[in-house]
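So the structure is just underneath, and the comments pick up after that.
Remember, predicted model here, so these are calculated numbers, not experimental data. Counting from 1, the numbers follow the sequence of the chain as shown.
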Amino acid sequence: MPKDLNEEEMKALFTNILNKDEKIVKVIKPNKLKLFMYWFTYSFWVCFWLAFCSVLPMLTSGIEGGEVITWEYYMIPVGVIVLIFIFTAIFAEVYYRNNFFAYTNSRILIRSGIIGIDFKSLDMRYVGALNVKVGFWDKVLKRETGTITFGSMSSPMASSKQIGYNFSHVEKPYELYKEMKEFVDDVKEKYKIAI
């Protein structure tokens, strides 16, 4: 559970979408360092290509009577790159504050957003598969982080877009995977008995 929130505050995060008899079992907060590295990696590649495209005119300036480019020209892309990193830091911080994962006695819940709060939910009865993935930054940062993906008929994991239900940048993903797998199996078994 996130250390800075008590149980009532964590429940309040999902109050808007909880059903009448639904109870939150666990709330999970993503690892801040991993989430920031994820955002800054994308920003780095955008800035890299911007810088590369900005340097190309310098390489061709003054060749065969071409126009010589002054240093002021290069201040524009430098300023844009600085702004990209500043906005990335701001948006990543806002996203981190709004990003929580939870599971209840019947559903998987994801809370996120930058401008507003968005919710996604998946009924545990329809979870067909769970996968855990530990990527490059998870290994490099040595924070025991990873991503757990939940697949269902409506949101298969084999889709090319990979926009399904993910608990991204979570700590101790293998332990959480085992915990979630057992819980999902129990919910599905109870549902079978009820039918």
Side-chain angles (χ1 to χ4, degrees), residues 1-5 10 13-14 24-55 77-103 107-122 124 127-152 155-184:
M1 287 189 183
K3 294 172 184 149
D4 53 343
L5 298 173
M10 287 187 292
L13 294 169
F14 295 95
I24 292 178
V25 176
K26 186 173 187 176
V27 175
I28 303 129
K29 186 84 174 139
N31 180 281
K32 190 173 188 175
L33 178 62
K34 171 61 184 0
L35 185 135
F36 271 66
M37 286 305 298
Y38 176 81
W39 279 63
F40 277 102
T41 299
Y42 282 106
S43 291
F44 169 79
W45 287 112
V46 169
C47 292
F48 173 81
W49 286 110
L50 179 65
F52 179 75
C53 292
S54 299
V55 168
V78 168
V80 170
I81 288 170
V82 169
L83 285 175
I84 288 172
F85 279 115
I86 289 170
F87 282 118
T88 298
I90 292 168
F91 288 143
E93 179 63 31
V94 171
Y95 185 82
Y96 175 76
R97 287 183 186 176
N98 294 331
N99 193 212
F100 291 88
F101 310 113
Y103 63 95
R107 290 189 296 167
I108 292 162
L109 306 173
I110 299 171
R111 180 185 193 268
S112 63
I114 295 174
I115 295 171
I117 303 297
D118 302 319
F119 291 98
K120 288 172 73 173
S121 70
L122 176 64
M124 284 195 195
V127 173
L130 282 89
N131 283 350
V132 62
K133 178 184 173 192
V134 176
F136 174 75
W137 284 115
D138 297 308
K139 298 237 185 227
V140 169
L141 296 174
K142 296 184 179 179
R143 295 288 174 144
E144 292 186 53
T145 57
T147 299
I148 298 175
T149 304
F150 304 90
S152 69
S155 177
M157 288 188 282
S159 78
S160 59
K161 294 181 183 175
Q162 288 291 320
I163 55 169
Y165 299 90
N166 299 319
F167 283 11
S168 304
H169 320 296
V170 294
E171 295 178 354
K172 299 181 181 174
Y174 294 112
E175 291 175 26
L176 184 59
Y177 168 81
K178 288 178 189 173
E179 181 183 320
M180 294 290 302
K181 179 82 170 107
E182 284 179 26
F183 201 83
V184 167

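Results of the ring-ring contact (aromatic ring centres under 6.0 Å, His included) test with Y38 over F40, Y42, F36 single out Y42 as the only residue that passes. Screening E171, H169, K172 against T145 for a side chain to side chain contact (heavy atoms under 4.5 Å, CB included) leaves a single residue, E171. Of the candidates F91, Y95, F87, W39 forms a ring-ring contact (aromatic ring centres under 6.0 Å, His included) with just one, namely Y95.
By the 30° and 60° cut-offs, the orientation of the rings of F150 relative to F167 is perpendicular. Between F52 and F48, the ring planes are parallel. Angles under 30° get that label, and only those over 60° would be called perpendicular.
The backbone N or O of G113 sits nowhere less than 3.5 Å from a side-chain atom of N99 that would complete a donor-acceptor pair.
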Checklist entry - Would Y103 and E179 satisfy side-chain contact (heavy atoms from CB on, under 4.5 Å), going step by step from the backbone distance to the final call? => result CA-CA 11 Å; Y103 63 95; E179 181 183 320; 2.5 Å; yes
Next on the checklist: Show, in sequence, the C-alpha distance, side-chain angles and deciding distance for L13 and I24, and conclude whether the side-chain contact (heavy atoms from CB on, under 4.5 Å) test is met.
Outcome noted: CA-CA 10 Å; L13 294 169; I24 292 178; over 6 Å; no
Checklist entry - Checking side-chain contact (heavy atoms from CB on, under 4.5 Å) for the pair L176/K26: CA distance, chi angles, key distance, verdict? => result CA-CA 11 Å; L176 184 59; K26 186 173 187 176; 4.3 Å; yes
Next on the checklist: Quick one, K133 with T149, criterion side-chain contact (heavy atoms from CB on, under 4.5 Å). Give me CA distance, side-chain angles, the key distance, then yes/no.
Outcome noted: CA-CA 8 Å; K133 178 184 173 192; T149 304; 5.8 Å; no
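Figure legend: cation-pi geometry between K29 and F100, with NZ or CZ positioned under 6.0 Å from the six-membered ring centre and within 45° of its axis.
Other residues, nucleotides and ligands place no more than 12 heavy atoms under 6.0 Å from the CD atom of E144. Other residues, nucleotides and ligands contribute more than 12 heavy atoms inside 6.0 Å of the CG atom of L83.
The shortest heavy-atom contact between Y177 and L130 is CE1-O, 3.4 Å. The nearest pair of heavy atoms linking P173 to I148 is O-CD1, 3.6 Å. Nearest heavy-atom pair across S43 and F85 is CB-CE2, 4.0 Å. Closest heavy-atom contact between I114 and N98: O-ND2, 4.1 Å. Across every non-hydrogen atom of L122 and S152, the tightest pair is CD1-OG, 3.8 Å.
Residues that satisfy the ring-ring contact (aromatic ring centres under 6.0 Å, His included) test with Y96, not counting sequence neighbours, are absent from this structure.
Checked by atom type, the side-chain pair D118/S112 shows no donor-acceptor distance below 3.5 Å.
Two residues are said to be in side-chain contact when any heavy atoms from C-beta on lie closer than 4.5 Å; V127 and M180 fail this criterion. Contact annotation: the side chain of L141 never approaches that of N31 to less than 4.5 Å [non-hydrogen atoms, C-beta and beyond].
We find that E182 and K178 are not joined by a salt bridge, their nearest charged nitrogen and carboxylate oxygen being 4.0 Å or further apart.
Note: I117 CD1 to R97 CZ = 12.0 Å, rounded to the nearest 0.5 Å. Atoms CD1 and CZ, on I84 and F44 in that order, are 12.5 Å from each other to the nearest 0.5 Å.
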